[in-house]
Amino acid sequence: MTKKIDVGIVMGSKSDLPVMQKVADVLDTLDIGYEMRILSAHRTPLQAKTWAETAKDRGIQVLICGAGMAAHLAGAVAAHSLLPVIGVPLGATLGGVDSLLSTVQMPPGVPVATVGIGSGGAKNAAWLAARIISVHDSSVEARMKAAIEDKRNQVLAQDAELQK
């Protein structure tokens with residue numbers, strides 16, 4: 001049986017894959033299905049538009065977009081879909097601050113939830129997507145709670161070890 005695809009992950013180029021793989025890793029841990037694409041707001045605008053417009057019809061509930069430099073991908077996707085869009089600014093130049101500002105500064109009516117720059121932001125994008133999906137999927141909520149409890153126990157074990 002094929003896993004249900006709930007999250008669409010898109011990045012502007014293959015060089016973004018090492019960071020955006022962190023999104024997939026968290027979703028794998030939470031057993032949330034996803035599709036991953038390389039599409040550019042500038043180099044493949046028609047394909048990016050079509051991907052965004054048809055995402056809901058494919059059962060996708062949340063879109064996660066990673067982009068650096070001009071970082072227009074999340075905004076372009078949000079312009080063509082009513083699904084929640086999460087932007088992951090990538091550190092292509094200026095330490096990623098330029099990407100952060102490009103991703104977070106969307107015009108009214110074209111919202112993009114923006115997480116931190118780079119790998120930490122990519123992981124949080126997946127966690128945010130899981131929280132959005134868990135609003136109406138109790139199995140995702142249960143897996144998320146278990147993962148959070150596991151992280152809590154890891155920290156407590158580390159503290160106990162330090163206290164010895």
Side-chain angles (χ1 to χ4, degrees), residues 1-14 16-39 41 47-68 71-91 96 99-100 102-104 106 109-159:
M1 182 174 143
T2 305
K3 185 185 286 189
K4 183 175 179 279
I5 305 298
D6 290 314
V7 178
I9 304 168
V10 66
M11 65 204 86
S13 72
K14 187 177 179 182
D16 302 334
L17 185 57
V19 172
M20 296 306 288
Q21 182 61 47
K22 304 297 184 190
V23 175
D25 294 345
V26 171
L27 294 175
D28 284 339
T29 298
L30 297 172
D31 197 28
I32 296 172
Y34 58 88
E35 67 177 33
M36 187 179 287
R37 299 289 306 271
I38 297 172
L39 299 168
Q47 290 86 348
K49 176 182 183 278
T50 300
W51 181 80
E53 287 176 337
T54 61
K56 186 174 181 180
D57 294 337
R58 294 191 312 278
I60 292 174
Q61 299 180 57
V62 181
L63 300 170
I64 300 175
C65 307
H72 292 146
L73 187 56
V77 166
H80 296 290
S81 179
L82 294 178
L83 293 174
V85 175
I86 303 168
V88 179
L90 302 175
S99 301
L100 173 65
S102 294
T103 304
V104 79
M106 290 293 112
V110 188
V112 172
T114 306
V115 293
I117 299 166
S119 294
K123 291 175 186 177
N124 274 339
W127 282 101
L128 180 55
R131 287 180 179 214
I132 292 167
I133 294 166
S134 76
V135 168
H136 61 272
D137 187 331
S138 59
S139 65
V140 170
E141 180 181 27
R143 292 191 302 272
M144 207 171 46
K145 284 180 179 178
I148 290 167
E149 182 65 17
D150 185 50
K151 288 184 179 300
R152 178 186 159 294
N153 289 335
Q154 288 175 22
V155 171
L156 291 174
Q158 291 169 0
D159 180 56

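Throughout, residue positions are numbered sequentially from 1 according to the sequence presented.
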[X] to [Y] - nearest heavy-atom pair and separation:
| X | Y | answer |
| --- | --- | --- |
| Val85 | Pro111 | CB-O, 4.4 Å |
| Ala55 | Leu83 | CB-CD1, 3.8 Å |
| Ala125 | Ile64 | O-CD1, 3.6 Å |
| Ile86 | Ala129 | CD1-N, 3.7 Å |
| Ala74 | Thr103 | CB-CG2, 4.3 Å |
| Gly116 | Pro89 | O-CD, 3.5 Å |

Find out whether [X] and [Y] are in side-chain contact, i.e. whether some heavy atom of one side chain is under 4.5 Å from a heavy atom of the other.
| X | Y | value |
| --- | --- | --- |
| Leu17 | Met36 | yes |
| Ile38 | Asp16 | no |
| Val88 | Met20 | yes |

Step by step, would you call Ile9 with Leu27 a side-chain contact (heavy atoms from CB on, under 4.5 Å)? CA-CA 11 Å; Ile9 304 168; Leu27 294 175; 3.9 Å; yes

Inter-residue atom distance [X].[atom1] - [Y].[atom2], 0.5 Å rounding:
| X | Y | atom1 | atom2 | result |
| --- | --- | --- | --- | --- |
| Gln154 | Asp159 | CD | CG | 14.0 Å |
| Leu63 | Leu82 | CG | CG | 10.5 Å |
| Asn124 | Thr114 | CG | OG1 | 12.5 Å |
| Arg143 | Ile32 | CZ | CD1 | 6.0 Å |
| Cys65 | Leu39 | SG | CG | 9.5 Å |
| Met144 | Ser139 | CE | OG | 10.5 Å |

Return each pair, listed once, that meets salt bridge (Lys or Arg N to Asp or Glu O under 4.0 Å) where at least one residue sits in residues 144-155; pairs must be two or more places apart or across chains. Glu141-Lys145, Glu149-Arg152

Using the side-chain hydrogen bond (donor to acceptor under 3.5 Å, both in side chains) criterion, which residues pair with Trp127? Sequence neighbours excluded. none

Just jot down the side-chain hydrogen bond (donor to acceptor under 3.5 Å, both in side chains) partners of Ser13, sequence neighbours excluded, or say none. Ser15

Of all residues at least two apart in sequence or in a different chain, which pass the salt bridge (Lys or Arg N to Asp or Glu O under 4.0 Å) check with Lys56? none

For Asp137, enumerate each residue passing the salt bridge (Lys or Arg N to Asp or Glu O under 4.0 Å) test, keeping only those at least two apart in sequence or located in another chain. none

Could you please spell out the steps behind the side-chain contact (heavy atoms from CB on, under 4.5 Å) verdict for Asp6 and Val62? CA-CA 7 Å; Asp6 290 314; Val62 181; over 6 Å; no

Within the side chain of [X], is there an N or O that forms a donor-acceptor pair under 3.5 Å with the backbone of [Y]?
| X | Y | answer |
| --- | --- | --- |
| Arg37 | Val10 | no |
| Ser81 | Val77 | no |
| Ser102 | Ser99 | no |

Go through the steps for Ile133 and Val7 under the test side-chain contact (heavy atoms from CB on, under 4.5 Å), then give the verdict. CA-CA 9 Å; Ile133 294 166; Val7 178; 3.7 Å; yes

Write out all pairs satisfying side-chain hydrogen bond (donor to acceptor under 3.5 Å, both in side chains) with one or both partners inside residues 22-36, taking only residues at least two apart or from two chains. Lys3-Asp31, Gln21-Asp25, Asp28-Tyr34, Glu35-Trp51, Glu35-Arg58

